[in-house]
J.: 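Pasting a structure here, questions to come.
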Amino acid sequence: MSGQYAHIMTADEAVALIEPEQTVMIGGFVTVGSPHTLIDALVRRGTRPIRLIVTDNGFEDRGIGRLIVNRQVSQEFVSHIGLCPETGRQMAAGEMDVTLVPQGTLIEQIRASGAGLGGVLTPTGLGTAVEQGKPKIQVDGREYLLEKPLRADVALIRAYRADRQGNLVYRRVMRNFNPTMATAARLTIAEVDEVVEVGDLDPEHVETPFVYVDILVGCVIR
Amino acid sequence: MSGQYAHIMTADEAVALIEPEQTVMIGGFVTVGSPHTLIDALVRRGTRPIRLIVTDNGFEDRGIGRLIVNRQVSQEFVSHIGLCPETGRQMAAGEMDVTLVPQGTLIEQIRASGAGLGGVLTPTGLGTAVEQGKPKIQVDGREYLLEKPLRADVALIRAYRADRQGNLVYRRVMRNFNPTMATAARLTIAEVDEVVEVGDLDPEHVETPFVYVDILVGCVIR
Amino acid sequence: MAADRDSRRDWIARRAAMELRDGDVVNLGIGLPTTVAGFVPPGIRVVFQSENGVLGLGPRPAPGDEDADLIDAGGGYVTVVPGACFFDSAAAFNMIRGGHIDVAILGALQVDELGNLANYIIPGKRVPGIGGGMDVATGARRVIGVTELMASDGTCKLVPRCTLPLTAAGEVNLIITDYGVIEVTPEGLVVQELAPDVQPEDLTSRTAARLRFIRKL
Amino acid sequence: MAADRDSRRDWIARRAAMELRDGDVVNLGIGLPTTVAGFVPPGIRVVFQSENGVLGLGPRPAPGDEDADLIDAGGGYVTVVPGACFFDSAAAFNMIRGGHIDVAILGALQVDELGNLANYIIPGKRVPGIGGGMDVATGARRVIGVTELMASDGTCKLVPRCTLPLTAAGEVNLIITDYGVIEVTPEGLVVQELAPDVQPEDLTSRTAARLRFIRKL
């Protein structure tokens, strides 16, 4: 964000900024730390097709799985889909293009993009199906897969508290992919429990500096 | 660390674990966040030659520069040496092998090592003397330098508070290279203001998990 | 060997827990591996890491005490012990891939003479995805595969070469099954211990993998 | 052009500050660039980042109010403004290299027609090292080079091609000197503005770099 304050708006207003064919990152791990208010608004709006970068699809009736069930997703990079069987059905039917990524690779690919790096050199996936079609790079006699950065048009993330500038703090394992995704999208929309005044967050404990956050949306407890 | 508690010892006992020819990372940025008690103990002990990985050399009479002036350093990876002219003199005399590294590359090289990654793909240094002798990798039509991971035998770091397990918290810009260096050495020795009981640090605010910390040393305020 | 499945699985988990050393940092896979936490011997204190961002997992919370923001990588509610800490996924996987996890205990669909592990795709069934398993198997200092020897379809999971898609190549150090404990060495598989009432032939007759026996068992 | 050096440098810094937009995140190099912070126009709020791990730098502290753990990348004591935050060097350089800094204002030893910047090695003098300058020059969205046109040895710092070792290749967008403001475009250098009392010939007679003038100045 490059204004003095982050924009505060409703979830419906925020997700209206997502356009068809865009790539959207969504935080959360098995629905914990997912921005449910934003996801539900995106389901209501029905924007399609969109491409997703997520660590898992949540459940068919909660979290990211709702977007899958609503047939809004044409393509995704994802690590785990087991709790949302609809994904497998749409894959098998050729309706969704799903790239499975080791979770530690996926988070580094997102980080690389936000950090201006050209990719990730990881040993994970060597000797497995994951290595297919990817360059292998030798460094000091060891082999690594080169995995490319992953960037999004919009990141939908979840945090615990924000100040009006957009500085964010998290709670427990709500963190997961959220802080990294915040850095890797052109537009980052954060769903938070509470927005406090600038100066009310301890500068020692801010985990996402406000430069990464454009829009704040209140969390609707379901 | 793989014991239940970190070892607590004096700075002199701790630096006695460093052997000649070893590579030592030392945290701090222009002496702020440097483990001065440990550095001073290492100067007293006089272990030489050692190799250093540091972001700067501090001053000739304070911080890492004291090791240079005491002629304990044969080789170093470093980003800035301007405040410690003795470095330049020993370089010119062929007494020290100094590799200058862009600071953002240096911290990523250390992180890569601690994170099990094969290196860093960075645009920084392209078209400059930094690129000499290094592989260039094309990713999606853009060029990056491949910079290798940097690993140490021992990391000497500075934190603010620790619990007895070795969980660490920092204060203000004391952080700098310390949290990352903690992850990238076989043995990590942390100099801290205070050691508290396990459970007395807020789990939301621990920045260096105890798995990275082997030894705790009290900070001597000078 | 105990006849009922629960007892056999408990034996595997208890035996795996005996591999843990005081102070170990441990990552447990989903399913059978998760149950290992319940068998850590008295006097041994280990710390459990979960790749969704917590070091210092405690037991399941009592009903009503669940924290909506505190689950493990299997999606179950957990607690934390004193000295725990939280971090994001990037830090969690740095810890894993960087070799800072002492022991990973993972389930297996197949494991072979080379220490190859296959544990994420069952042919003809839904693909659950990869998750953190590849990183954990690749990064942990010591990888222990735990599994019943025989799959429910009657095939043996200990094989000369995995035929299922691999999770990690050559990373498994020890295999603990309901028939015994098998070490993966550069010279092949070595049976270190047989489960109670198991004879060497019970094992050799079921697997096509080449086995050596460490001594008269 | 003001005759005394301090006034000329103040003009450069004030002019550089006029390039800042409300809400910009700004990284300032050591020396002349640091003084830009004192000239930010009223009504414009910018946020200063320092690569040693702080976003939201405030003014120098009053004597006696220094915090030993709070310096900027130049090593001077600073304060922070409300809403500031601290982070480690890895996060600081991700912010820089990842394009999250709107404007970097950097000193120059030489700058050339291609937007190449040389600002870290003076031949025959001690090598101070590289520091964060290469990352800042490479990563910031907009790079403004600020420098007196003439070096103390009488040579011009604005050159057709840098002869000193480069800090970054082709990254400078705007050059602000005590003779005027020069934009680096794909078609070469374009003088956008002359300093007070400077004539086009004052500039063209001193530099061998090819200059176009945006309009009658």
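These figures come from a predicted structure and were not determined experimentally. Quick note on labels: first sequence line is chain A, next is B, and so on, each numbered from 1.
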J.: Given that the side chain runs from C-beta out, which part of B:Ile137 has a heavy atom under 4.5 Å from chain A: side chain, backbone, both or neither?
T.: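 Side chain only.
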
J.: Quick check for you: among B:Leu146, B:Asp140, B:Asp202, which has the greatest number of heavy-atom pairs under 4.5 Å with chain A?
T.: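 Most heavy-atom pairs under 4.5 Å with chain A: B:Asp140.
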
J.: Does atom NZ of B:Lys148 have more than 12 heavy-atom neighbours, drawn from other residues, nucleotides or ligands, at distances under 6.0 Å?
T.: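 No.
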
J.: Counting heavy atoms not belonging to B:Tyr160, are there more than 12 under 6.0 Å from its OH?
T.: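 Incorrect, the count does not exceed 12.
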
J.: Can you name the nearest heavy-atom pair linking B:Gly116 to A:Pro123, along with the distance?
T.: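 Closest approach of B:Gly116 to A:Pro123: O-CD, 3.2 Å.
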
J.: Quick test of your reading: applying side-chain hydrogen bond (donor to acceptor under 3.5 Å, both in side chains), list the pairs with at least one residue in residues 113-124 of chain B, sequence neighbours left out, ordered by first then second residue.
T.: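 Every pair satisfying side-chain hydrogen bond (donor to acceptor under 3.5 Å, both in side chains) with a residue in residues 113-124 of chain B: B:Ser113-B:Arg151, B:Thr122-B:Thr124, B:Thr124-D:Asp135.
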
J.: Does CZ in A:Arg142 sit with more than 12 non-hydrogen atoms of other residues, nucleotides or ligands closer than 6.0 Å?
T.: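 For A:Arg142, atom CZ is not crowded (no more than 12 foreign heavy atoms under 6.0 Å).
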
J.: For the pair B:Glu108 and A:Arg111, find out whether any cationic side-chain nitrogen is under 4.0 Å from an anionic carboxylate oxygen.
T.: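 Result for this pair is yes, salt bridge flagged.
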
J.: Quick one: what part of B:Arg172 sits under 4.5 Å from any heavy atom of chain A, side chain, backbone, both or neither?
T.: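 Both backbone and side chain of B:Arg172 come within 4.5 Å of chain A.
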
J.: Can you give me every donor-acceptor pair (side chain of residues 181-188 of chain B, partner residue at least two apart or in another chain, under 3.5 Å) with its distance?
T.:
{"unit_1": "B:Thr183", "atom_1": "OG1", "unit_2": "B:Thr180", "atom_2": "O", "d": "2.7"}
{"unit_1": "B:Thr188", "atom_1": "OG1", "unit_2": "B:Ala182", "atom_2": "O", "d": "3.0"}
{"unit_1": "B:Thr188", "atom_1": "OG1", "unit_2": "B:Tyr212", "atom_2": "O", "d": "3.3"}

J.: Ignoring hydrogens, what is the shortest heavy-atom contact between A:Pro149 and B:Val139? Give both atom names and the distance.
T.: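 Heavy-atom minimum between the residues: CD-CG1, 4.1 Å.
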
J.: Among A:Val120, A:Leu121, A:Leu145, which residue forms the greatest number of heavy-atom pairs with chain B at distances under 4.5 Å?
T.: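 Heavy-atom pair counts peak at A:Leu121.
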
J.: Minimum heavy-atom separation for B:Glu207 to A:Glu204, with atom names?
T.: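 Minimum heavy-atom separation between B:Glu207 and A:Glu204: OE2-O, 4.2 Å.
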
